[in-house]
2 protein chains.
Amino acid sequence: METQLTINEVAARTGLSAHTLRYYERAGLIAPVTRAPGGQRRYAASDLDWIGFLLRLRATRMSIGQMRAFARLRREGNATAPERRQMLETHLAAVESSIELMQQSAKALQAKIEHYRALEGSAQKDSNPDEGEIHAYKPLRKRTRQTAGDRR
Amino acid sequence: METQLTINEVAARTGLSAHTLRYYERAGLIAPVTRAPGGQRRYAASDLDWIGFLLRLRATRMSIGQMRAFARLRREGNATAPERRQMLETHLAAVESSIELMQQSAKALQAKIEHYRALEGSAQKDSNPDEGEIHAYKPLRKRTRQTAGDRR
DNA sequence: TCTTGACTTGGAGCGCACTCTAACTTGTAG
DNA sequence: CTACAAGTTAGAGTGCGCTCCAAGTCAAGA
């Protein structure tokens with residue numbers, strides 16, 4: 001009944017590499033996994049659940065350091081639940097504002113795309129300030145070592 | 001009329017450091033900025049617009065490499081507009097799916113927080129599998145160099 | 001003239017999150 | 001017994017996006 005997956009099976013299921021799974025364990029994100037007689041890791045279903053949760057944290061860009069802190073609290077037992085909740089709340093607030101920023105930026109990109117579409121629709125014009133201005137850019141000269149003298 | 005800002009003024013307005021502004025120029029994200037007689041950078045309003053756009057790309061996690069490619073196309077003139085539009089469309093699609101993933105994950109975190117709240121509401125119980133399981137973790141032993149022999 | 005402060009450069013260094021290497025052990029099949 | 005696949009470890013290496021440093025230039029003020 002204990003599912004007992006090998007590291008490569010877990011890798012396949014989670015999308016993490018075996019390397020990364022070992023790294024997460026070393027880093028303290030995953031508690032030492034039970035071993036087969038030969039020393040090989042055998043992951044239980046509960047390990048998979050936890051890894052799934054870590055993947056949520058990663059998807060929301062929580063740092064390894066913070067995940068480690070969270071994992072440590074979890075290992076310390078239920079008494080730390082309030083602290084963990086606090087961590088998640090703080091993190092979630094950051095995530096939500098980051099999502100909002102991304103959405104605003106995505107909207108701006110969408111507008112820019114529309115702008116390009118309009119531009120293409122009306123044949124090619126030769127002078128268009130586009131974003132900011134293009135016109136007068138020199139060919140991006142290679143910045144030829146010089147210390148004032150030929151400069152001013 | 002040309003606004004002519006110094007690097008530190010631009011840093012203040014954009015939130016980037018002067019270091020980073022120079023780095024972006026070296027990296028080809030920003031075309032060589034016009035210089036005051038002494039060699040100091042003087043940014044025009046159009047530079048600020050472009051930097052603003054770069055910040056949108058950064059906020060949506062476009063890599064420096066891709067931004068450089070986009071900036072290069074832009075310097076090549078209006079003929080590259082379709083290619084740039086294509087880049088933005090591809091990027092935007094990735095951004096939107098990444099936003100969706102973040103939202104799903106945020107929702108899962110929110111659920112976890114509710115779970116903690118419920119848990120706290122009902123005093124402290126001593127056995128709760130929480131996420132995955134806690135129970136049988138050993139004190140995270142220090143993994144004492146050994147090559148089979150004391151192992152099996 | 002001397003100092004101060006804001007800038008310049010090339011290049012080194014840093015923190016993060018992996019990613020890989022080398023050498024080794026173990027279990028299974030032929 | 002041999003060969004091979006699949007795992008193990010400590011530690012080195014990588015790519016990214018900055019971030020900082022040392023040494024120098026320049027303009028303005030005392």
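Numbers restart at 1 for each chain; the letters A, B, ... are given by sequence-line order, proteins then strands.
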Phosphate OP1/OP2 of C:dT9: any B:R41 side-chain N/O under 4.0 Å: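 The answer is yes; a side-chain N or O of B:R41 sits under 4.0 Å from OP1 or OP2.
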Output yes when at least one side-chain N/O atom of A:R35 is less than 4.0 Å from OP1 or OP2 of C:dT26, else no. no
Test question: given the 4.5 Å side-chain rule for I, L, V, M, F, W and Y, name all other residues clustered with B:V95, or answer none.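 When side chains under 4.5 Å apart are linked, the cluster holding B:V95 also contains A:V95, A:I99, A:M102, B:I99, B:M102.
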Whole-Å gap separating [atom2] ([N]) and [atom1] ([X]):
X	N	atom1	atom2	value
A:Q40	C:dC24	CD	C1'	13 Å
B:Y43	C:dT8	OH	C1'	12 Å
A:E25	D:dT9	CD	C1'	12 Å
B:R42	C:dA6	CZ	P	13 Å
B:L21	C:dT9	CG	P	12 Å

Basic-acidic side-chain contact under 4.0 Å: B:R68, B:E25: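 The answer is no: the pair does not qualify as a salt bridge.
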For [X], enumerate each residue passing the side chain to side chain contact (heavy atoms under 4.5 Å, CB included) test, keeping only those at least two apart in sequence or located in another chain.
X	result
A:A11	A:L21
A:A94	none
B:R13	B:L5, B:E9, B:L48

Which residue pairs pass the side chain to side chain donor-acceptor pair (under 3.5 Å) test with at least one member in residues 89-100 of chain B, sequence neighbours excluded?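 Non-adjacent pairs meeting side chain to side chain donor-acceptor pair (under 3.5 Å): A:R117-B:E89, B:T60-B:H91, B:R85-B:E89, B:Q86-B:T90.
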Give each protein N/O atom lying under 3.5 Å from an N/O atom of nucleotides 17-19 of chain D, with the pair distance.
from	atom 1	to	atom 2	distance (Å)
D:dG17	OP1	B:I64	N	3.4
D:dG17	OP2	B:I64	N	3.3
D:dC18	OP1	B:R58	NH1	3.1
D:dC18	OP2	B:Y24	OH	2.7

